[in-house]
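Here's the structure we're looking at; comments come further down.
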Amino acid sequence: MKEEYGYLDDKELQDLIAQVENGGMVMPPVYLKDQIMGEVLKAASESEKTAPGNVQSENNTIFSNLEKRKNAAKMQFLTYSLKILAAAAMAVFCLTAVPMDFSGTPAIWKGNNMEQRINRDMERYEEESKKLLDEKPLDMKNEYKDNLKELISDKSEELIHIWSDLTN
Amino acid sequence: MNKEEQLSEMIDTYQNLVFSICYKVTADYFAAEDLTQEAFLAAYKNLDSFEGTNEKAWLCRIATNKSIDYLRSAGRRVVPTEDIFFEQQSETRSSPEEMCLEKEVRERLLEYCSKLKSPYDEIAKAVYYDEMKAEEIARRRNENIKTVQTQIYRARDMLRKLYGKERSA
């Protein structure tokens, strides 16, 4: 047996023990005993769950552990798939429920365009009102001026409402 | 006395001897730790079949066989036989003044512990050199015991790798 496996025979073992005992022993880590007892207690509690003593029960334990791992992996995969599906459903919902303009003109440009229109209209009204005022007599001018101011403010308000509707 | 109590008593009596044998055969502190654990677990499993004549020799037989199996699986070409084994062991001692194995091992451990990055160097030194338990370290460092235990496992893995690198070099 010695030649085949290289194990020590009885005399060699006794010599080794004597050498170690006389030549100084090495202290193991302090946690070693707790570690060993922990493993033993864990193995003892697992063997209590299965039929004690025979190879078949050990195989059953190994098999049931494999089954447990497989089931855990399946659950994890299922959970991950559900999360992905929920995210995709939410994205589709947002696309359909929230109104989007796909005409290609960005909203900020529309806002600027509307502002420019308002400014142009205001300028035009002011120019026209000036011309008219220059042609009319003074009292009529004042009356006309007031009417024109009212008209300008109404029109401006109208344009501002339109612009705010577009931007909201 | 039940099996667990018997095992506990055996560990108290023989853990130093078994560990020293495993270390002497493998020259690897952490391999010796694993092999010691395996030896006691094997003894626990076979306690019923043990006839009870020489417990010490029986345990040491288990430990040496496991150590030799470890060397064979680790790819060592030379499996220790009587002549080669004891020759090699005496050649590693450089002089009679350095025959104190315990001191040598501890100094070597300290050297490896200092190679680790913080905080693992302090944790490893506290465990392997100062021989403190996880609870004491947690109290001293004012940390959660689970944190300290995780750090101990990581430090042990790092030290194991360092030892492994040295052996392969």
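The chains referred to below are lettered A, B, ... by the order of the sequence lines, with proteins before strands, and numbering in each begins at 1.
Note on B/Glu4, B/Lys56, B/Glu33: by heavy-atom pairs under 4.5 Å with chain A, the leading option is B/Glu33. Between chain A and the options B/Val127, B/Thr36, B/Leu41, B/Leu109, heavy-atom pairs under 4.5 Å are most frequent for B/Leu41. Of the residues considered (B/Asn16, B/Thr64, B/Ile152), B/Asn16 shows the highest number of contacts with chain A, using heavy-atom pairs under 4.5 Å.
By the 6.0 Å contact criterion, NZ on B/Lys115 is enclosed, its count of non-hydrogen atoms from other residues, nucleotides or ligands being greater than 12. The environment of NZ in B/Lys3 is crowded: more than 12 heavy-atom neighbours from other residues, nucleotides or ligands sit within 6.0 Å. Annotation: B/Glu111, atom CD; neighbour count of heavy atoms from other residues, nucleotides and ligands within 6.0 Å is above 12.
Taking the charged nitrogens against the carboxylate oxygens, B/Lys133 and B/Glu135 have no contact shorter than 4.0 Å, which rules out a salt bridge. The existence of a salt bridge linking B/Arg61 and A/Asp9 is excluded, since no basic side-chain nitrogen approaches an acidic carboxylate oxygen closer than 4.0 Å. Using a cutoff of 4.0 Å between basic side-chain nitrogens and carboxylate oxygens, A/Lys11 and A/Asp15 are scored as salt-bridged. In summary, A/Asp121 and A/Arg124 engage in a salt bridge, as defined by a charged side-chain N under 4.0 Å from a carboxylate O.
For B/Ile11, the part lying near chain A is the side chain, with the backbone staying farther off; criterion is any non-hydrogen pair under 4.5 Å.
Chain B is approached within less than 4.5 Å, heavy atom to heavy atom, by A/Lys33, A/Asp34, A/Gln35, A/Ile36, A/Met37, A/Glu39, A/Val40, A/Leu41 from residues 33-43 of chain A, ordered by number.
In this structure, the ring of B/Phe19 has its center less than 6.0 angstrom from the ring center of B/Tyr29.
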